[in-house]
Amino acid sequence: MIKANYKLITSAEDLRSATEELSKHHIIGLDTETTDLDPYRGKLRLVQLSTTEEVFIFDLFAFRDAKENEDLKPLRDVLSAQRPVKIAHNSKFDLKWLRLHLGVDVNGLFDTLLASQIISAGDTDDRHSLQSAVARFLNQSLDKSEQLSDWSNTLSDSQLRYASLDAAVMIPLREKMVERLKKDSLIKCAQLEFECVLPMAHLELAGFFLDAARWREQLEIVKKKREQFADELQEMLAEGALQGSLFGRAEINLDSHVKVTDALKRLGVPMPENTRGWQLQPLANDYPVVAKLLEYRTVQKALTSYGENILEEINPITGRIHADFYQIGAPTGRMACSNPNIQQVPHGEEYRRCFRVPEKRKFVIADYSQIELRILADVSKDEGFMTAFKSGADLHRATAAQVFNVAPEDVTSEQRSFAKRLNFGVVYGIGAPRFAMMTGVSTEEAEGIMRSYFQTYPRLDAWLRNAGNRAVRDRETRTLSNRLVKFRFDENDRRQIAGTKRNGTNSPIQGSSADILKRALRLLYDELKETNACLVNVIHDEIVVECDESQANEIAEKVERAMVTAGKEYVKEVPIVVEAEIKDEWVK
DNA sequence: GTGAAGGGCCAC
DNA sequence: AAACGTGGCCCTTCAC
């Protein structure tokens, strides 16, 4: 059973001696208690720091104006120093509050949530709450009943005991996790993740500005378009109906795939198993009604996911959108984002241009050029594929020239398009039938093109096959940071084996790309520290920074440098290219 | 009425 | 026979 002797700190004098004691330790536990989940709405009540012997509970309500209060400086110093190492669960949360309410950036972190996810290596059955982690690693139960209690009034002994336990448990939990991280060679990956937390905390605090008036304006236009598509689609679908209602045409629920499928069948459209876009696309040429359906769905999707609802996500205090980012959102290590997901705002300018800079500010929008393909080239060491990048010219054209054995200037637009689709497809483990479907050639032709692609890049082919086979054999794979991705599958199920092969080739590529981005975010944080530029969005291979107009050029250089440097740490031979632009709106 | 699953589509 | 990887979010359908 975890026990903790706590000391409540409410005076400058006690604070000094407590921090003095804390700085004698190499490793301490960290937790906070707040009156809300939103740092802009609530107050930071307690900061708990634990050693192996005791827990110091700092009651910030006992100190006036915490952010500027000189009496709290020793506490800030302990938190900002690289040592002692601060252990916390979901430290991004604590870091946001400490930054905003205590004016300190925490350095020297060990995050038990991230460590738990890294160790689980993508096993989606594992849960990663503090409670689950304590149960799994320490075989103990943790009482969370006071978590949502009122932290704004006089605190009960039960609350203080709860507060101290959460901090105290960090030390034994970390010990168990370090054992596992070492055993699985995951220390480097963990360090990468821990160093990325502070940039993520800043990202969430900064938020992304959305021009609400412009958004509403644009929505009206899209809504009109939807009404028009809906009308036209109803008209076209009704032709197959046996009878209309007495009051006119029988309306079909266009958002019901069941009803729409029925209606399309009535019209004699040879329907595939389901009505997903990529299955319907080939029918769009022959059946205008199918083309119309796809048009309708695109507009409908945009309107439902990115309609009025997103305006509710604007924080009334900052006037900006503070989305939730999950640093390890996918088994590959990729991030995920929600409430709202600003990583998948539709590309249409009508949406993107609503994300604009405030007065006197600029965006620096920087993205990696073909990062996944460069990683693939570098790890496979395929001479031809690497050459295509080293030439510095248009990659898809260069690929087409090699695959179709023509001079780059003689590549037709069709050949370039084949090359482009294949370049993108190989990362996902595309097969000939799918390639045929998306390019409109026969499966035999597709097989021929793919064969010549892989003959042109034999080592690339070998690497892909090998990666897939190894994934099946070892039931795991690694990214360039040595991040582990485990696979679970039924070896008697051929579909699952095929799926594991695709995962086995895709994960190291996608995951390494995530590694590079995370490293870039940390380097960027270090570069931007002394400026008032801030990270405002991250989209897998793209970074959006908002900065003062007057510094835009300088900041753009810093962003580019951080990203290229990060890339070069992992990709040794193939050049890393970053394209940075200065913009007023989030458009390319 | 509620919640999970299925189907679909957006981003990379 | 299978057919392109990772996520989030929407709507409908269906079971409880």
Side-chain angles (χ1 to χ4, degrees), chain A residues 122 124 252-261 272-282 293-310 313 323-348 351-352 367-373 376 421-439 443 446-447 450 464 467-468 471 477 479 485 487 493-514 517 537-543 586:
Chain A
T124 45
I252 288 171
N253 182 346
L254 300 177
D255 301 322
S256 159
H257 54 264
V258 178
K259 306 264 164 52
V260 170
T261 302
E273 284 279 308
N274 52 47
T275 66
R276 276 147 78 170
W278 65 270
Q279 295 222 2
L280 284 177
Q281 197 63 58
L293 172 65
L294 293 175
E295 266 182 321
Y296 168 79
R297 290 223 273 230
T298 299
V299 176
Q300 174 64 2
K301 164 68 187 175
L303 264 180
T304 52
S305 290
Y306 295 93
E308 313 275 355
N309 42 3
I310 203 172
E313 303 283 1
D324 300 328
F325 281 85
Y326 305 97
Q327 196 173 313
I328 302 179
T332 55
R334 254 204 194 182
M335 293 175 188
C337 176
S338 66
N339 306 312
N341 184 346
I342 51 173
Q343 291 187 323
Q344 54 176 51
V345 175
H347 252 142
Y351 295 96
R352 294 289 177 105
D367 64 328
Y368 283 107
S369 157
Q370 317 285 9
I371 188 67
E372 293 197 343
L373 289 172
L376 183 54
R421 287 162 192 268
L422 260 183
N423 279 336
F424 283 120
V426 288
V427 178
Y428 304 137
I430 195 172
R434 184 71 189 263
F435 182 60
M437 176 121 42
M438 66 196 280
T439 52
T443 308
E447 277 167 356
M450 290 183 69
L464 291 169
T477 188
T479 71
V485 184
F487 304 113
D493 186 335
R494 289 163 61 187
R495 277 174 307 181
Q496 288 192 40
I497 291 175
T500 304
K501 283 188 180 178
R502 284 193 299 276
N503 271 304
T505 55
N506 179 257
S507 298
I509 305 300
Q510 188 182 111
S512 298
S513 165
L517 188 90
N537 201 358
V538 177
I539 317 98
H540 308 305
D541 64 354
E542 175 184 345
I543 290 176
W586 186 31

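Note on naming: letters A, B, ... go to the chains in the order of the sequence lines (proteins, then strands), and numbering restarts at 1 for each one.
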S.K.: Return the nearest nucleotide to the side chain of A:Thr304; candidates are C:dA2, C:dG8, C:dC11.
M.R.: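 The answer is C:dC11, which lies nearest to the side chain.
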
S.K.: I need the CG-P distance between A:Asn423 and C:dG5, as an integer number of Å.
M.R.: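 My rounded result for the distance is 18 Å.
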
S.K.: Less than 4.5 Å apart, side chain to side chain, heavy atoms only: is that true for A:Pro331 and A:Phe487?
M.R.: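 The answer is no; the side chains never approach within 4.5 Å.
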
S.K.: Under 4.0 angstrom, heavy atoms only, what part of the nucleic acid is A:Met438 near: base, sugar-phosphate, or nothing?
M.R.: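 Result for A:Met438 = base.
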
S.K.: Looking only at the side chains, is there a donor atom on one of A:Tyr296 and A:Asp255 sitting less than 3.5 Å from an acceptor on the other?
M.R.: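 Yes.
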
S.K.: Determine whether a donor-acceptor pair (N or O, by modelled atom type, separation under 3.5 Å) exists between the side chain of A:Arg334 and the backbone of A:His540.
M.R.: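 Checking the backbone N and O of A:His540 against the side chain of A:Arg334, no donor-acceptor pair under 3.5 Å is found.
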
S.K.: Please check if the side chain of A:Asp541 supplies one atom and the backbone of A:Gln370 the other of a donor-acceptor pair under 3.5 Å.
M.R.: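 Side chain of A:Asp541 to backbone of A:Gln370: no pair is present.
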
S.K.: How many Å lie between CE on A:Met450 and C1' on C:dA2, as a whole number?
M.R.: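 After rounding, the gap between these two atoms is 13 Å.
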
S.K.: Among C:dC9, C:dA3, C:dC4, which nucleotide has an atom closest to any side-chain atom of A:Asn341?
M.R.: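 Between C:dC9, C:dA3, C:dC4, the one nearest the side chain of A:Asn341 would be C:dC9.
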
S.K.: Round to a whole Å and report the spacing from CG of A:Leu422 to P of C:dC4.
M.R.: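 Nearest whole value for this atom pair: 12 Å.
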
S.K.: Does A:Arg494 reach a base, just sugar-phosphate, or nothing at all? Heavy atoms under 4.0 Å.
M.R.: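 No contact at all - A:Arg494 keeps every heavy atom at 4.0 Å or more from the nucleic acid.
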
S.K.: Kindly give the atom pairs (protein nitrogen or oxygen, nucleotide nitrogen or oxygen) under 3.5 Å for nucleotides 12-16 of chain C.
M.R.:
unit_1, atom_1, unit_2, atom_2, d
C:dT12, OP1, A:Asn253, ND2, 3.1
C:dT12, O3', A:Ser256, OG, 3.3
C:dT13, OP1, A:Ser256, OG, 2.6
C:dT13, OP1, A:Lys259, NZ, 3.3

S.K.: Determine the contact category for A:Gly429: base if any of its heavy atoms lies under 4.0 Å from a base atom, sugar-phosphate if only primed atoms, P, OP1 or OP2 are that close, otherwise nothing.
M.R.: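 The residue A:Gly429 makes sugar-phosphate contact but no base contact.
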
S.K.: Side-chain contact, heavy-atom cut-off 4.5 Å: A:Asn503 with A:Val485?
M.R.: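 With C-beta onward as the side chain, the pair stays apart.
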
S.K.: What is the distance from CD of A:Glu313 to C1' of C:dC9, rounded to the nearest Å?
M.R.: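 The distance from CD of A:Glu313 to C1' of C:dC9 comes to 11 Å, rounded to the nearest Å.
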
S.K.: Would you say A:Arg502's side chain and A:Tyr428's backbone share a donor-acceptor pair under 3.5 angstrom?
M.R.: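 Checked: no pair found.
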
S.K.: Using whole Å, what does the distance between atom C1' of nucleotide C:dC10 and atom CG of A:Leu254 come to?
M.R.: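 Distance check: A:Leu254 CG to C:dC10 C1' gives 15 Å.
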
S.K.: Please report, rounded to the nearest Å, how far the C1' atom of C:dA1 is from the CZ atom of A:Arg502.
M.R.: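 Distance, rounded to whole Å: 12 Å.
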
S.K.: Between A:Ser507 and A:Asp493, name the one whose nearest nucleotide on DNA chain C is closer to the 5' end.
M.R.: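 Its nearest nucleotide being more 5', the pick is A:Asp493.
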
S.K.: Quick one: OG1 on A:Thr332 to CD1 on A:Ile509, what's the gap to the nearest 0.5 Å?
M.R.: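 Atom-to-atom, A:Thr332:OG1 and A:Ile509:CD1 are 11.5 Å apart.
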
S.K.: Can you list everything that forms a side-chain hydrogen bond (donor to acceptor under 3.5 Å, both in side chains) with A:Asp493? Sequence neighbours excluded, please.
M.R.: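 With neighbours one apart ignored, the set is A:Gln496.
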
S.K.: From C-beta outward on A:Thr332, which listed nucleotide comes closest to its side chain: C:dT6, C:dC11, C:dA3?
M.R.: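 Of all the options, the side chain of A:Thr332 is nearest to C:dT6.
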
S.K.: List every contact pair, protein side and nucleotides 10-12 of chain B side both N or O, where the distance is under 3.5 Å.
M.R.:
unit_1, atom_1, unit_2, atom_2, d
B:dC10, OP1, A:Thr298, OG1, 3.1
B:dC10, O2, A:Gln344, OE1, 2.8
B:dC10, O2, A:Gln344, NE2, 3.3
B:dA11, OP1, A:His347, N, 2.9
B:dC12, OP1, A:His347, NE2, 3.0
B:dC12, OP2, A:His347, ND1, 3.4
B:dC12, O3', A:Asp541, OD1, 2.5
B:dC12, O3', A:Asp541, OD2, 3.1
B:dC12, O2, A:Arg334, NH1, 2.6
B:dC12, O2, A:Arg334, NH2, 2.8

S.K.: Would you kindly give the CZ-to-P distance between A:Arg434 and C:dA3, to the nearest whole Å?
M.R.: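 Rounding to the nearest Å, CZ of A:Arg434 and P of C:dA3 are 10 Å apart.
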
S.K.: Out of C:dG8, C:dA3, C:dC10, which has the shortest distance to the side chain of A:Ala336?
M.R.: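 For the A:Ala336 side chain, the nearest candidate turns out to be C:dG8.
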
S.K.: Heavy atoms, side chains only, cut-off 4.5 Å: are A:Gln300 and A:Leu254 in contact?
M.R.: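 Heavy-atom side-chain distance check fails, nothing below 4.5 Å.
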
S.K.: Would you say A:Asn309 reaches C:dC10's phosphate, i.e. side-chain N/O to OP1/OP2 under 4.0 Å?
M.R.: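 Affirmative; the distance criterion is met.
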
S.K.: Rounding to a whole Å, what distance do you find between A:Leu303:CG and B:dG8:C1'?
M.R.: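 Going from A:Leu303 (CG) to B:dG8 (C1'), I get 16 Å.
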
S.K.: If you look at every heavy atom in A:Val427 and A:Asn506, which pair is closest and at what distance?
M.R.: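 Between these two residues, the closest heavy atoms are O-ND2, 3.1 Å.
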
